[in-house]
Novice: 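Here's a structure for you.
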Amino acid sequence: MMEEEELEFVEELEAVLQLTPDVQLAIEQVFPSQDPLDRADFNAVEYINTLFPTEQSLANIDEVVNKIRLKIRRLDDSIRTVVRGQTNVGQDGRQVKEITRDIKQLDHAKRHLTTSITTLNHLHMLAGGVDSLEAMTRRRQYGEVANLLQGVMNVLEHFHKYMGIPQIRQLSERVKAAQTELGQQILADFEEAFPSQGTKRPGGPSNVLRDACLVANILDPRVKQEIIKKFIKQHLSEYLVLFQENQDVAWLDKIDRRYAWIKRQLVDYEEKYGRMFPREWYMAERIAVEFCHVTRTELAKIMCTRAKEIEVKLLLFAIQRTTNFEGFLAKRFSGCTLTDGTLKKLESPLASTNPFLEDEPAPEMEELAMEKGDVEQPKKPKAPDNPFHGIVSKCFEPHLYVYIESQDKNLGELIDRFVADFKAQGPPKPNTDEGGAVLPSCADLFVYYKKCMVQCSQLSTGEPMIALTTIFQKYLREYAWKILSGNLPKTTSSGGGLTISSLLKEKEGSEVAKFTLEELCLLCSILSTAEYCLATTQQLEEKLKEKVDISLTERINLTGEMDTFSTVISSSIQLLVQDLDAACDPALTAMSKMQWQNVEHVGDQSPYVTSVILHIKQNVPIIRDNLASTRKYFTQFCIKFANSFIPKFITHLFKCKPISMVGAEQVRRNW
């Protein structure tokens, strides 16, 4: 029975001790052994056969059994030692854990003791600091207060979690009360030194006020803001009196005096108060920025009241002086206060100086007014480099309709002048460099457009730019009608004021009229000018979209004007085609009316062929030379003429009567 139980135990043990190949391989690498008993694939039968290969070898079986038993006892001793060692390790681990726990307790005690000592020291410092702070506040020792107050506030931060303790809470309330008293006291000192009423400053700068500003830096930000607000208000009080709306110097023609006044005030501030306020307060810049806000408001009010008195020259003069002043501010100040909550930042209009044609200097403000005047023309600063751009000049935007109306009038006069010059000078002379050249008036128009666009974009990139675009569209159409279409050559029987359509119909019904050399050159010149206008109008549209506010780009569309110039091009080509086509008609008619049945001899070339060739040789070289700069339109002319002439030639060919048999036989022989 006992043997059966041992056998079952051995089988279970073998099942438990089944190791994976990876584990077995690792064991063999760590503990290499040549003993067959250590092999994973141990076979008891083979092992016994190895020990007792023959029957004679069974004689020493007792010796072998004793060796195996000895080996088993050694293995048992080794296993027992390992197990006991593991038991001791657990006991040692518990002892170490207890020692670690004791060390942690000591560490916590040390930390708590250190914290307690530090807290007591801070409490002592806080109590003494509060007493000193209250005493220094009463004596207005602001220099000492500035250093002490910051230290007291830093120490007080350590006691936020102890505010439930009455003594700590009482000290915190005393610090807050001292801060409040300091704020009120400092504001009272500034009010006494710089009274709100009147322009006198009896107190003036002092070391006490300078130290008070250092204290204000530590107090509630509202104290600093109130000091800045009161000082600037008092500093600009004289300005509001001198430039009241009812004063003569308040109008736009004397706007220079406003900017001269603030420049003097900035110099006065630097001399008297530059060292009183901390540098990081940027007081000089704040004074200038507040002056700009006040000036913008005052100018807007007075311009609204006297809107009927605003003329374009006066408006541009005021804008020029204002943008110059904004450039002066950009050179002197950084503009960092524009984003400060103390002063409101104004949205400035965008401005770009990239022309839509070749690069040229931007126009001056009065250059486009077409009026003579002794006006200084300094260069305007670029808006992207000037954070002050528009801080004052924005107020002129609602009145830019005066400028737009002026440009409307100027462009109307410019178109009338182009018409008069064309009538006086006549069309381009043939056989010269002027033949087929772009009319000079076209370049003049677009140069003026560019100057207007750049100038207006410096004033505003909002609705005024849309209004200017509408003016541009109006005079692009007028140029196409009055200069181009209106000067297309007419036949001798045509009257004035005919449209392109009526002119084409007239040419269709005419058998005698033919364009002269001068008229052909004029047609090519008008075609080249229309092509130039088409390409440049597309560039104009792109530049307008670049300069206008993004939200308004969809409202800029010059497609209609480009279509108008395309119509002029198509009409010019059609006139050239119909002129040459009509010149060849008599020859085709003669061909169809010829008595071919009477023809008995074949000549070298028929008269009607000679006539057609003559007309083509007369017209095509002239058109080719005058359209040398626009080869694609000369190609279009050739294609359209071929498409018109060939069907007509075939039609007349079918109208011809059969030739005689003699003539036909002679033709066959010659062929």
Novice: Please determine, by modelled atom types, if Ser460 and Glu397 share a side-chain donor-acceptor pair under 3.5 angstrom.
Specialist: yes
Novice: Tell me if a side-chain donor or acceptor on Arg555 pairs with a main-chain N or O of Ile466 at a distance below 3.5 Å.
Specialist: no
Novice: Can you name the nearest heavy-atom pair linking Leu411 to Leu445, along with the distance?
Specialist: CD2-CD1, 4.2 Å
Novice: Working to the nearest 0.5 Å, report the span between CG of Asp421 and CG of Leu439.
Specialist: 11.5 Å
Novice: Please check if the side chain of Tyr449 supplies one atom and the backbone of Phe472 the other of a donor-acceptor pair under 3.5 Å.
Specialist: yes
Novice: Considering only NZ, NE, NH1 and NH2 on the basic side and carboxylate oxygens on the acidic side, decide whether Lys394 and Glu326 come within less than 4.0 Å.
Specialist: no
Novice: Could you point out which residue of Val568, Leu523, Leu527 forms a side chain to side chain contact (heavy atoms under 4.5 Å, CB included) with Ile573?
Specialist: Leu527
Novice: Of the non-hydrogen atoms in Ala250 and Phe243, which two are nearest, and what is the gap between them?
Specialist: CB-O, 3.9 Å
Novice: Quiz question: by atom type and distance under 3.5 Å, do the side chains of Asp549 and Ser551 form a donor-acceptor pair?
Specialist: no
Novice: For the residue pair Tyr479 and Ser441, confirm or rule out a side-chain donor-acceptor distance under 3.5 Å.
Specialist: yes
Novice: I want to check a possible cation-pi pair here: Lys263 against Phe328, using under 6.0 Å from ring centre and within 45° of the ring axis as the test.
Specialist: yes
Novice: State, without any angle test, whether Tyr475 and Asp408 hold a side-chain donor-acceptor pair at a distance under 3.5 Å.
Specialist: yes
Novice: Before accepting this row, confirm whether a basic side-chain N of the pair Lys545/Glu542 lies closer than 4.0 Å to the acidic partner's carboxylate O.
Specialist: no
Novice: Go through it in stages, so that I can follow the logic: the residues are Arg306 and Glu245, the test is salt bridge (charged side-chain N to carboxylate O under 4.0 Å, His left out), and I'd like the CA-CA distance, side-chain angles, deciding distance and then a yes or no.
Specialist: CA-CA 10 Å; Arg306 304 172 61 177; Glu245 187 175 347; over 6 Å; no
